[in-house]
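Note on naming: letters A, B, ... go to the chains in the order of the sequence lines (proteins, then strands), and numbering restarts at 1 for each one.
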There are 2 protein chains.
Amino acid sequence: MAKVSVRTYSRYSREAMTLLGNLIRAARIEREMTAQEVAERAGISRGLLQRIEKGEPKCELGATFEVAALVGVKLFDIEATTLNGHIRQTEDKLALLPKSVRKKVKVADDDF
Amino acid sequence: MAKVSVRTYSRYSREAMTLLGNLIRAARIEREMTAQEVAERAGISRGLLQRIEKGEPKCELGATFEVAALVGVKLFDIEATTLNGHIRQTEDKLALLPKSVRKKVKVADDDF
DNA sequence: AAATAATGATCTATATATAACTCATAAAGC
DNA sequence: GCTTTATGAGTTATATATAGATCATTATTT
């Protein structure tokens, strides 16, 4: 059938996904875990794990992070123990920031 | 209707998703971009952006990374310019690692 | 305080990711 | 080299995420 919607991705996010996939695959092999094994533990199919390791965009974020955690890939290069602290930090920051962003109405007399 | 499948997530991945969502939201607000605006530029709906910022697991990895890139959240704390290098590194590593993991057959006489 | 714009929340139809299979190939270990 | 197991790739049915809408609420700016 005809393809209905095509989504595009920036180079940066494509590369980030590729990198994440590679990191996961390398970590899995280093830990001597089969794809089957990891998939089972993560509660996903082997096919999905394959796609995650390939860095394909159309995977569930949750499944991807779960797998990463499982094989020991650190997201954000942050230690598990400090994750909470970082969350707290962002919450504090968000508390200070405005709750909603108001677009400036275009100013007519701008440069004089 | 009855819920059909429930997926569970480890604490680490849940926290990682929450953190990512928070980082994205903070970055978006700091850059004074409305949710609408970011969603449009990323080619996704505002509803999906909301869920991404909430750190919900069932979002597309690609969409999430795309949004992160858009508002300037660095994945892996890695500069855009060096991403390629990191990919290369993992590829080199993968080239050295075994292509498939062979499970050791259970050793009967293990502890003597 | 009033006006207005942004966000939060919820709903439905539809596109699509996923699980579960199969088969072919490759590679590890003996 | 041989055997066996892991992986790669493809297919299909089904569960489900997403877009797109609406409405209520909140927050910003004047």
Side-chain angles (χ1 to χ4, degrees), chain A residues 1-9 17 21-22 24-26 28-67 71 94-108, chain B residues 1-9 17 21-22 24-26 28-64 66-67 71 94-107:
Chain A
M1 282 286 99
K3 193 175 284 183
V4 172
S5 93
V6 178
R7 188 167 283 177
T8 69
Y9 303 94
M17 291 184 280
N22 283 0
I24 287 175
R25 169 165 255 262
R28 174 176 68 78
I29 296 178
E30 280 183 329
R31 303 202 165 196
E32 302 190 0
M33 300 168 83
T34 66
Q36 184 78 290
E37 205 177 338
V38 171
E40 273 173 15
R41 288 210 211 178
I44 66 175
S45 65
R46 189 168 65 88
L48 178 54
L49 177 61
Q50 268 187 73
R51 289 173 40 223
I52 290 175
E53 291 189 349
K54 267 199 200 169
E56 292 187 12
K58 314 230 156 191
C59 304
E60 224 184 77
L61 178 71
T64 306
F65 276 27
E66 192 66 20
V67 168
V71 299
L94 280 168
L96 298 180
L97 287 171
K99 313 302 175 213
S100 71
V101 175
R102 200 75 169 214
K103 272 319 197 190
K104 295 266 174 277
V105 186
K106 186 164 171 69
V107 180
Chain B
M1 283 282 102
K3 194 174 284 180
V4 173
S5 92
V6 179
R7 187 168 284 176
T8 69
Y9 303 94
M17 290 184 280
N22 283 359
I24 288 175
R25 168 166 255 261
R28 174 176 69 78
I29 295 179
E30 279 183 328
R31 303 202 163 195
E32 300 190 2
M33 302 169 83
T34 66
Q36 185 77 290
E37 206 178 337
V38 172
E40 272 173 16
R41 288 209 211 178
I44 65 175
S45 64
R46 190 169 63 88
L48 178 54
L49 177 61
Q50 269 187 74
R51 290 173 41 222
I52 289 174
E53 290 189 348
K54 267 199 202 170
E56 291 187 12
K58 312 231 158 191
C59 305
E60 225 184 75
L61 179 71
T64 306
E66 192 65 20
V67 168
V71 299
L94 280 168
L96 298 179
L97 287 171
K99 313 302 174 212
S100 71
V101 175
R102 200 74 169 213
K103 270 323 198 191
K104 294 265 173 284
V105 186
K106 185 164 173 68
V107 180

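Ranked by how close their nearest DNA chain C nucleotide is to the 5' end, Ile44(A) and Gln50(B) are led by Gln50(B). Mapping Val101(A) and Leu61(A) onto DNA chain C by nearest heavy atom places Val101(A) at the nucleotide closer to the 5' end. Comparing Ala35(A) and Gly47(A) by the nucleotide of DNA chain D that holds the closest heavy atom to each, the one mapping nearer the 5' end is Ala35(A). When each of Arg46(A) and Ala63(B) is assigned the nucleotide of DNA chain D bearing its nearest heavy atom, the one mapping closer to the 5' terminus is Arg46(A).
Remark: P of dA15(D) and NZ of Lys58(A) are 21 Å apart, rounded to the nearest angstrom. In this structure, NZ of Lys99(A) is placed 13 Å from C1' of dT7(C), rounded to the nearest angstrom. Atom CD of Glu32(B) and atom P of dT28(D) are 12 Å apart (whole Å). Taking atom CD of Gln36(B) as the reference point, atom P of dA5(C) lies 13 Å away to the nearest angstrom. When rounded to the nearest whole Å, the span between CG of Leu49(A) and P of dA19(C) equals 10 Å. Separating the CZ atom of Arg7(A) from the P atom of dT18(D) is a distance of 8 Å, rounded to the nearest angstrom. The CZ atom of Arg51(B) sits 16 Å away from the C1' atom of dT7(C) (whole-angstrom rounding). The interatomic distance linking Ile52(B) (CD1) with dA17(D) (P) rounds to 13 Å, in whole Å.
Note that CZ of Arg28(B) is 11.5 Å distant from CD1 of Ile52(B), once rounded to the nearest 0.5 Å.
Looking at Arg102(B), its side chain comes within 3.5 Å of the base of dT5(D) through a donor and an acceptor atom.
In this structure, of dT18(D), dA6(C), dA6(D), it is dA6(D) that holds the atom nearest to the side chain of Lys103(B).
For the pair Gln50(A) (side chain) and Gly47(A) (backbone), a donor-acceptor distance under 3.5 Å is absent.
Applying the 4.0 Å criterion to OP1 and OP2 of dG8(D), one finds that Arg25(A) has a side-chain N or O inside that range. Side-chain nitrogen and oxygen atoms of Lys54(A) include none within less than 4.0 Å of the OP1 or OP2 phosphate oxygen of dG8(D). Remark: Arg28(A) is not in phosphate contact with dA6(D), judged by side-chain N or O atoms under 4.0 Å from OP1 or OP2.
Residue Gly62(A) is out of contact with every strand shown, counting any heavy-atom pair closer than 4.0 Å. Contacts of Ser100(B) with the nucleic acid, taken as non-hydrogen atoms under 4.0 Å apart, involve only primed sugar atoms and P, OP1 or OP2.
Contact annotation: the side chain of Lys58(A) approaches that of Arg51(A) to within less than 4.5 Å [non-hydrogen atoms, C-beta and beyond].
By the neighbour-count criterion of 12 heavy atoms within 6.0 Å, atom CZ of Arg7(B) is densely surrounded, having more than that number from other residues, nucleotides or ligands. By the 6.0 Å contact criterion, CD on Glu32(A) is open, its count of non-hydrogen atoms from other residues, nucleotides or ligands being 12 or less.
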